[in-house]
2 protein chains.
Amino acid sequence: MKSDTQETQADAVAGKIRALILNGTFHPGQPLRQEALSEQLGVSRTPLRHALQSLAEDGLVEITGYKGARVKELDQGMVSDLFDMRLLLEPLALRSALRHHTKLDFAKAEMALDAADAEQDLAKLAELNWDFHYALYRPSNRQTLLRTIEQLNKASAFAEVMASSIAVRSEKSSSEHRKLLQACQNGDEVGAVSMLREHLQLARHDIRNWEE
Amino acid sequence: MKSDTQETQADAVAGKIRALILNGTFHPGQPLRQEALSEQLGVSRTPLRHALQSLAEDGLVEITGYKGARVKELDQGMVSDLFDMRLLLEPLALRSALRHHTKLDFAKAEMALDAADAEQDLAKLAELNWDFHYALYRPSNRQTLLRTIEQLNKASAFAEVMASSIAVRSEKSSSEHRKLLQACQNGDEVGAVSMLREHLQLARHDIRNWEE
DNA sequence: GCATGAGGTATTGGATACAATTATGAAATC
DNA sequence: GATTTCATAATTGTATCCAATACCTCATGC
């Protein structure tokens, strides 16, 4: 997961802001003032600005020229779109990866699951969620596909947190994840794919119920 | 297509650099030095940096911390991934849009096609290409889906230009586009979707043949 | 001869200062 | 009283300057 690129302050700050958003410290629609944030996080406005731009790419904040950045509102169609896309793309990645899985991949996936079961912090839980899925998809070695799926997952995590769904269904999610992992280990392609589909549909359903 | 957000110099510069890349002035792998570019484009390094970050999001350049930005190399799997994804996502957008098309949408699409037939500049041709597809998908009103599809289209345009494919198959592409538009106007859902699929597959095929 | 490390240069990342734009609010006008 | 206007403040975008990091050369040791 670690890239060879030297981490810059902007990246670090982006991570911190992401955590603050996912933890609920910053709520949807809230404006993110550059000066205040920069002093709060102990950096200048320059890297902060880059961080905000990064978060905008990930769909967590919305930037409007000369008007500033605010935490994105979770609109009605966003959840549908995200999960429709994930339902189309992730089975493709999983199928491409299935023949190339190694024991190390399964170990990484299981490690993420175990850590998730003990995790309370929502931001870290979301991160572990992605670690699990990524472990299963990465052996496909399809970088471009993986990058898009990662974006969609990050945005989904945002939606789940906003809908207070990620905490509520964590134990359900865990069992679904373990079944999916088991199917992958057995080399059961149709089972794994259908388990993945079911998992995504259940997640979407639970989010839907929480938004009014 | 114009958003209400005030265009900033960073955005303008991003557009210029994108054009320079698509026109072949900057070739893949070439490093993009900030100082040189900033003086060439008449802006400071600060907005230039933001522009490069934007282009990195679009997948046209690659940024590595403290090492700089370079025009992205067109790797083998990228084309496959992009078109696999487009083949899954764009039919969904088209189907969602079909019932909501208005005469204005068709007019916009046709205008883009007519302009494309007379266009020589590769960057503008790529832009018109997207304008056409966007006109057909936008009535779906699915913003998140559209945003992802836009990214994929921009990246595809990059790949097509790099493979010297966009110029060669422009007349073929035009006829495919017009058939697709016709099917949409007739309200022929299955015809439109299959035409779209064929169009994408042909584009992928022609790119494949040009890369060695 | 080749690896290795010190030093200097080139280039990027970050901090600060300044300009451009937008939001705010009070006064004037209908 | 509501609305428009204009000035002022708050906020973002841009330019400039400084610091951190990577790259390249060249000396030095084996």
Side-chain angles (χ1 to χ4, degrees), chain A residues 1-21 25-73, chain B residues 1-21 25-73:
Chain A
M1 174 166 178
K2 264 292 182 187
S3 181
D4 64 338
T5 175
Q6 177 80 345
E7 171 153 277
T8 177
Q9 296 201 33
D11 301 332
V13 165
K16 289 182 186 176
I17 298 178
R18 178 180 289 113
L20 287 172
I21 293 178
T25 309
F26 297 149
H27 39 275
Q30 173 171 349
L32 301 174
R33 293 283 150 51
Q34 297 178 1
E35 193 174 12
L37 265 185
S38 67
E39 106 172 16
Q40 177 175 345
L41 298 176
V43 296
S44 173
R45 274 181 49 209
T46 312
L48 179 80
R49 197 157 219 303
H50 285 272
L52 289 176
Q53 195 175 339
S54 277
L55 294 173
E57 304 166 22
D58 291 358
L60 276 84
V61 310
E62 221 166 7
I63 296 182
T64 322
Y66 289 102
K67 289 201 331 190
R70 46 187 53 212
V71 181
K72 192 160 182 177
E73 304 261 8
Chain B
M1 174 166 181
K2 264 291 182 186
S3 181
D4 64 337
T5 174
Q6 176 81 352
E7 171 155 273
T8 178
Q9 294 202 36
D11 301 331
V13 165
K16 289 183 186 175
I17 299 179
R18 178 181 289 113
L20 286 172
I21 293 177
T25 309
F26 298 149
H27 38 274
Q30 174 171 349
L32 300 174
R33 295 282 151 60
Q34 297 178 2
E35 192 173 14
L37 266 184
S38 67
E39 105 172 18
Q40 177 176 346
L41 297 176
V43 296
S44 171
R45 273 180 49 209
T46 311
L48 180 80
R49 241 140 80 62
H50 285 277
L52 289 176
Q53 193 175 341
S54 276
L55 294 173
E57 303 165 22
D58 291 357
L60 276 84
V61 310
E62 221 166 8
I63 296 183
T64 322
Y66 288 102
K67 288 201 334 189
R70 47 185 57 216
V71 181
K72 192 160 182 177
E73 305 261 8

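Atom set for the values below is all heavy atoms of this structure, side chains included, hydrogens, waters and symmetry mates excluded. In what follows, chains are A, B, ... by sequence order, proteins preceding strands, each numbered from 1.
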Whole-Å gap separating [atom2] ([N]) and [atom1] ([X]):
X: B/Glu35; N: C/dG13; atom1: CD; atom2: C1'; result: 14 Å
X: A/Glu7; N: C/dG14; atom1: CD; atom2: P; result: 10 Å
X: A/Glu39; N: C/dA15; atom1: CD; atom2: C1'; result: 15 Å
X: B/Gln34; N: C/dG14; atom1: CD; atom2: P; result: 11 Å

Quick test: give all pairs of protein nitrogen or oxygen and nucleotides 16-23 of chain C nitrogen or oxygen below 3.5 Å, distance rounded to 0.1 Å.
unit_1, atom_1, unit_2, atom_2, d
C/dT16, O4, A/Thr46, OG1, 3.3

To the nearest 0.5 angstrom, please state how far the [atom1] atom of [X] sits from the [atom2] atom of [Y].
X: A/Arg70; Y: A/Leu52; atom1: CZ; atom2: CG; result: 13.0 Å
X: B/Arg33; Y: B/Arg45; atom1: CZ; atom2: CZ; result: 12.0 Å
X: B/Glu57; Y: A/Asp58; atom1: CD; atom2: CG; result: 8.5 Å
X: A/Phe26; Y: A/Leu60; atom1: CZ; atom2: CG; result: 12.5 Å

What contact category does [X] fall into here, base, sugar-phosphate, or nothing, at under 4.0 angstrom with non-hydrogen atoms?
X: A/Ile63; result: nothing
X: B/Leu48; result: nothing
X: B/Ala69; result: nothing

*Is there a side-chain contact between B/Gln34 and B/Leu48, using heavy atoms and a 4.5 Å cut-off?*
yes
*Nucleotides bounding contact with chain A, strand DNA chain D, heavy-atom threshold 4.0 Å*: D/dT11 to D/dT14
*Does a side chain donor of either B/Gln53 or A/Ser54 reach within less than 3.5 Å of an acceptor in the other side chain?*
yes
*Over all heavy atoms of both residues, which pair between B/Pro47 and B/Ala10 is shortest? Give the atoms and the distance, please.*
O-CB, 3.6 Å
*Would you find more than 12 non-hydrogen atoms of other residues, nucleotides or ligands less than 6.0 Å from B/Gln30 atom CD?*
yes
